[in-house]
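So that the names make sense, note that chain A is the first sequence line, chain B the second, and so on, each numbered from 1.
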Protein chains: 2
Amino acid sequence: MLNNGAVDRIFHALGDSNRRAIIERLSRGALSVSALAKPLDITLAAVVQHLQVLEESGLVRTEKLGRVRSCQLHPEGLRVAEDWLANRRGLWEQRFDRLGELLDGPVPSRKKART
Amino acid sequence: MLNNGAVDRIFHALGDSNRRAIIERLSRGALSVSALAKPLDITLAAVVQHLQVLEESGLVRTEKLGRVRSCQLHPEGLRVAEDWLANRRGLWEQRFDRLGELLDGPVPSRKKART
DNA sequence: CCCATACTCAAGTCGCGACTTGACTATCCG
DNA sequence: CGGATAGTCAAGTCGCGACTTGAGTATGGG
């Protein structure tokens with residue numbers, strides 16, 4: 001919602017399977033728009049729209065040479081998503097570590113009941 | 001598309017910012033449905049629907065004790081998404097390594113590169 | 001026992017996002 | 001030049017997904 005817009009756009013972009021398919025193919029190397037479109041049983045125009053979303057989210061960069069637009073993956077975008085996920089997971093697993101501490105030995109003095 | 005359904009569901013679930021907000025709060029610890037709902041300016045029913053999506057995607061597990069449903073993060077779900085991203089990024093960066101080899105020198109006769 | 005709590009369920013609304021169509025522009029090549 | 005290729009743009013359709021409302025069911029505490 002009123003989130004960090006970048007993360008928002010990235011995860012929204014990743015939420016569509018056609019867009020993930022595009023990312024998947026681009027991870028093997030740069031491709032033109034029509035090359036990307038071929039295996040995708042949607043129209044070229046739809047692919048262009050997906051590419052707009054991907055580019056605005058920072059996951060893909062494109063450059064037009066002559067009449068062909070070349071698209072490549074921009075891995076830093078993927079990094080942002082990865083970091084977000086790793087972070088949440090980290091926090092969660094950290095809790096288990098603390099639980100381990102609690103079980104291991106009596107904590108100095110701290111009492112506050114919750115759930 | 002007709003993708004691996006699990007990855008599909010996970011990224012679709014992550015695509016909504018309210019659901020990510022739920023994940024974010026759950027990464028700090030387990031919470032009840034109504035506790036999750038409080039900061040979210042949507043109705044309880046909407047939160048329950050989000051939780052259904054999260055649970056079906058394997059990102060969250062819930063258990064009902066008495067009248068309260070306790071929700072906790074299921075980090076393996078996050079792991080699946082992380083792995084997918086790391087994989088694509090890996091493929092892409094691997095390409096640059098190969099490009100580096102090519103640029104480094106005209107391959108003598110055999111090449112055995114290791115960073 | 002009774003009221004509040006904590007959900008649950010079924011409908012129904014509504015806007016947005018994915019996709020198409022059709023017309024148009026720019027570039028390459030023979 | 002002319003035709004084919006590659007992409008662009010603007011509208012418009014349509015279904016799905018997020019959300020609400022309202023009524024119903026257990027559970028727990030005083």
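Comparing A/L65 and A/A46 by the nucleotide of DNA chain C whose heavy atom lies nearest to each, the residue mapping closer to the 5' end is A/A46. Both A/L44 and A/G66 sit near DNA chain C, but only A/L44 has its closest nucleotide nearer the 5' end.
Within 4.0 Å (heavy atoms only), A/T43 reaches at least one base atom of the nucleic acid.
Here the nucleotide nearest the side chain of B/R67, chosen from C/dT5, C/dA18, D/dA18, is C/dT5. When the nucleotides C/dT21, C/dC7, D/dT21 are ranked by their closest atom to the side chain of B/A45, D/dT21 comes out on top. If you check C/dT8, D/dA11, D/dG7 against the side chain of B/R69, the one that comes closest is C/dT8.
Taking atom NE2 of A/H12 as the reference point, atom C1' of C/dC16 lies 9 Å away to the nearest angstrom. If you take CG of A/D16 and P of C/dC16, they are 18 Å apart, rounded to a whole angstrom. One can place CG of A/L36 at 16 Å from C1' of D/dT8, the figure rounded to the nearest angstrom. A straight line from CD1 of B/I42 to P of D/dG17 spans 16 Å, rounded to a whole angstrom. Counting to the nearest Å, the C1' atom of C/dT20 and the CG atom of A/D41 are 13 Å from each other. Between the CZ atom of A/R9 and the C1' atom of C/dC16 there is a distance of 17 Å, given to the nearest Å. In this entry the distance linking CG of B/L51 with C1' of D/dC19 reads 15 Å, nearest Å. Rounded to an integer number of Å, the gap from CZ of B/R20 to C1' of D/dA18 is 14 Å.
The two residues B/A86 and A/E82 have their closest heavy-atom pair at CB-OE2, 3.4 Å. Looking at every heavy atom in both residues, A/D16 comes nearest to A/R19 through OD1-N, 3.0 Å.
The phosphate of C/dC19 has OP1 or OP2 within less than 4.0 Å of a side-chain N or O from A/H50. Contact between the side-chain N/O atoms of B/S34 and the OP1/OP2 oxygens of C/dT5 is not found at any separation under 4.0 Å. At C/dA6, none of the side-chain N or O atoms of B/S32 fall inside 4.0 Å of OP1 or OP2 (strictly under the cut-off). Phosphate contact (OP1/OP2 of C/dT8, side-chain N/O of B/K64, threshold under 4.0 Å): present.
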> Where do B/H50 and B/L40 land on the side chain to side chain contact (heavy atoms under 4.5 Å, CB included) test, with the steps shown first?
Replying inline: CA-CA 12 Å; B/H50 283 309; B/L40 279 186; over 6 Å; no
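For B/R61, the CZ atom is loosely surrounded, since the number of other residues' heavy atoms within 6.0 Å does not exceed 12.
With A/W92 as the aromatic partner, A/R88 does not meet the cation-pi criteria of under 6.0 angstrom to the ring centre and within 45 degrees of the ring axis.
The base of D/dT20 is paired with the side chain of B/Q49 by a donor and an acceptor separated by under 3.5 Å. Interface remark: the A/Q52 side chain does not form any donor-acceptor pair with the D/dT8 base, using a distance-only criterion of under 3.5 Å.
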